Amino acid sequence: MKETDREAVATAVQRVAGMLQRPDQLDKVEQYRRREARKKASVEARLKAAIQSQLDGVRTGLSQLHNALNDVKDIQQSLADVSKDWRQSINTIESLKDVKDAVVQHSQLAAAVENLKNIFSVPEIVRETQDLIEQGALLQAHRKLMDLECSRDGLMYEQYRMDSGNTRDMTLIHGYFGSTQGLSDELAKQLWMVLQRSLVTVRRDPTLLVSVVRIIEREEKIDRRILDRKKQTGFVPPGRPKNWKEKMFTILERTVTTRIEGTQADTRESDKMWLVRHLEIIRKYVLDDLIVAKNLMVQCFPPHYEIFKNLLNMYHQALSTRMQELASEDLEANEIVSLLTWVLNTYTSTEMMRNMELAPEVDVGTLEPLLSAHVVSELLDTYMSTLTSNIIAWLRKALETDKKDWLKETEPEADQDGYYQTTLPAIVFQMFEQNLQVAAQISEDLKTKVLVLCLQQMNSFLSRYKDEAQLYKEEHLRNRQHPHCYVQYMIAIINNCQTFKESIVSLKRKYLKNEVEEGVSLSQPSMDGILDAIAKEGCSGLLEEVFLDLEQHLNELMTKKWLLGSNAVDIICVTVEDYFNDFAKIKKPYKKRMTAEAHRRVVVEYLRAVMQKRISFRSPEERKEGAEKMVREAEQLRFLFRKLASGFGEDVDGYCDTIVAVAEVIKLTDPSLLYLEVSTLVSKYPDIRDDHIGALLAVRGDASRDMKQTIMETLEQGPAQASPSYVPLFKDIVVPSLNVAKLLK
């Protein structure tokens, strides 16, 4: 206590020191004293109240303990009295054993008397029950049957109580009521027949179905009562429990299975669309049955039967089994598609389980898949394998058909814009479209796989197409009279390339999602390159055709005959224009490139004629005349190709300018300026070689050996650099084998 007092004093000193830190606070000492006194009084009051409350609780607890002790003593005394009375009554109870036996015997005799009437009337009741069953009065028949069973079971129970080991009497009773079991079985058959036609019965005569359910419910109650009595006595009448409710669901399940299996009316041999018809019949039957069950049958069954839920599960299980059976058959590709479309889409669509008439009782999200993921995967693998083989065969057949068209004597058809075409692109992409539309019905993933497959096979197909087009061209070059419409069909082949390009782009845009488009595109080999190569080979073949006809006239260029007044260029222009009238049927991208290539090749052939040194001018007048003729013909060619290239927006003057530039070198009258003119020519056309210069000087015919040597040496020192846009013209021109040394001589 002393330690506590010291701590209290120290705390008080500290608080007082905190209150009196300034001189002006001394005036408030009395105020502080009164405030602390009030606080002290308040604390003392709360402390007294808490102690008083604790004391009251202790007092109440002691009082309750005292009362409990008195109650325990009273109970102990009562138990002692009861024990004493029980010991005194044992002898009295033993003396009543005879009375007990008499009561039991009286009960048995009373039961026998009560059942005498029923016992003697058993044959009559059996006949009445049989008649009622045959008449379809099932409720009345069941009431009679219950009376018979009740009499039999009562007698057998009493016999069991008297002497459970007496099998002879039990057998005698059972034999006397032997017809009862037969009646029960006969009634059950009638019940099962009604249940098998329950979906029809509930529409025509729902009362009959209700009667059947009432009978089953009665039997369930009797089964429960007998099982409860068995726990007490161990006695079970013959034929019990009947479990008719369980048998009812078994019959319904068997009926559903039979209904599903019985919808297949055709086979593949009799009808190619057998599976589609089979699945559609299943869809219609199941939907109609479930709607009837939801709207009508639930009114005929007790709620705890959950008849609609059970029927839904039965139909779902029967469908799953049937789909498994169909999936295990050797299905064709179109049949696999029909099956998967039905299982994955139709079954869960508004056409079936999502139908508004089934909502909200049917929750599609809770239904298990009709086919496992493994089975679906196997079917898809089979489908993709079959589809791959089919596409390869279809593409091969389409190409063979197109090749036959190439040999026809009639021109190919033209599209709405007048461009020649064959039916090949339409056939190929119609086939792709059909397969993609079918795949899209199943799943997005399958659609993407089929698209990838189509693109892969398209890539291989285009390689074969390229080879066949090349063979077509080579065959024609061996005999230019055959086929008759070679040019027109080659134009169609070229146009097909553009159609293929556009169709591929359209196909990807239509069937490929944006987020995966890049990945699929990267995984496919580029088909544009193959198509461009086919078109380029086709254009090259057509130009080869042109230049074969021009060969004779190109050989006349830069010859004596030409100088004296040949009309070779006129014929060249007419021939080229005539061919390009046919080439107008080529689509613009390829026609544009072909026109430019024809222009380049004509100019190259003209320059080749110069470089072949077919003529050597002997005088300034001849050089002037020849150069001016070259300029006129260059303008003539320029006019022609401007006309052919109209609408392309291309500059077609550059090639013909080369002829003019060469003509300027030939026309030059002052030999001292020849080096400057040649240097200008070389700077403009960097691919020109020294043998070209040598041949050009040889055509002039007036350049001295020293001048040639000087020009050659100077040009070798500083070769010109070509601009990125420059199109080489001289690199493919080969000068006849006459070395520079001979030219200098």
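All values reported here derive from a predicted model rather than from experimental measurement.
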**Q** Suppose we screen for side chain to side chain contact (heavy atoms under 4.5 Å, CB included). Which residues come up paired with Q612, at least two apart in sequence or across chains?
**A** R608, R614, P736
**Q** Whether R277 and E280 form a salt bridge (side-chain N of Lys/Arg under 4.0 Å from carboxylate O of Asp/Glu) is what I want to check.
**A** no
**Q** List for me each residue that meets side chain to side chain contact (heavy atoms under 4.5 Å, CB included) alongside Q552, sequence neighbours excluded, and say none if there are none.
**A** none
**Q** Got V450 and F432 here, is their nearest side-chain heavy-atom distance under 4.5 Å?
**A** no
**Q** I'd like to check the side chain to side chain contact (heavy atoms under 4.5 Å, CB included) partners of D381; sequence neighbours left out, ordered by chain and number.
**A** S377
**Q** Quick one: which residue pairs count as a salt bridge (charged side-chain N to carboxylate O under 4.0 Å, His left out) with a foot in residues 462-473, not counting sequence neighbours?
**A** K403-E468, K473-E537
**Q** What do the steps show when you test D405 against T422 for side chain to side chain donor-acceptor pair (under 3.5 Å), and what is the final call?
**A** CA-CA 8 Å; D405 291 343; T422 67; over 6 Å; no
**Q** Among pairs that include at least one residue of residues 419-428, which meet salt bridge (charged side-chain N to carboxylate O under 4.0 Å, His left out), considering only residues two or more places apart or in two chains?
**A** none
**Q** List in chain and number order the residues that pass side chain to side chain donor-acceptor pair (under 3.5 Å) with R689, two or more places apart in sequence or in another chain; answer none if no residue qualifies.
**A** D691, H692
**Q** According to the side chain to side chain donor-acceptor pair (under 3.5 Å) rule, which pairs have a member within residues 383-398, sequence neighbours left out?
**A** none
**Q** Parallel, tilted or perpendicular for W406 and Y472, by the 30°/60° rule?
**A** tilted
**Q** Would you call the rings of Y465 and F461 parallel, tilted or perpendicular, where under 30° means parallel and over 60° means perpendicular?
**A** parallel
**Q** Considering the options L340, D445, I336, which one meets the side chain to side chain contact (heavy atoms under 4.5 Å, CB included) requirement together with L380?
**A** L340
**Q** Side chain to side chain donor-acceptor pair (under 3.5 Å) with T346: which residues, sequence neighbours excluded?
**A** none
**Q** Sorted by first residue and then second, give each side chain to side chain donor-acceptor pair (under 3.5 Å) pair with at least one member in residues 481-495; sequence neighbours left out.
**A** none
**Q** Taking side chain to side chain donor-acceptor pair (under 3.5 Å) as the test, write out the residues that go with E502, two or more places apart.
**A** Q498
**Q** Where do E556 and S566 come nearest, in terms of heavy atoms and distance?
**A** OE1-OG, 2.7 Å
**Q** Kindly determine whether V699 and R623 satisfy side-chain contact (heavy atoms from CB on, under 4.5 Å), including the steps that lead there.
**A** CA-CA 9 Å; V699 171; R623 285 193 289 275; over 6 Å; no
**Q** List the steps and the verdict of side-chain contact (heavy atoms from CB on, under 4.5 Å) for E475 and L407.
**A** CA-CA 11 Å; E475 185 69 25; L407 304 177; over 6 Å; no
**Q** Among residues at least two apart in sequence or on other chains, which ones pass side chain to side chain contact (heavy atoms under 4.5 Å, CB included) with E597?
**A** L543, R600, R601
**Q** Would you say the side chain of R700 lies within less than 4.5 Å of the side chain of L674, judging by non-hydrogen atoms?
**A** yes
**Q** Excluding sequence neighbours, so at least two apart, what forms side chain to side chain donor-acceptor pair (under 3.5 Å) with E351?
**A** none
**Q** Is any side-chain heavy atom of I493 closer than 4.5 Å to one of M490?
**A** yes
**Q** Could you tell me if the side chain of D657 sits less than 4.5 Å from the side chain of Y685, heavy atoms only?
**A** yes
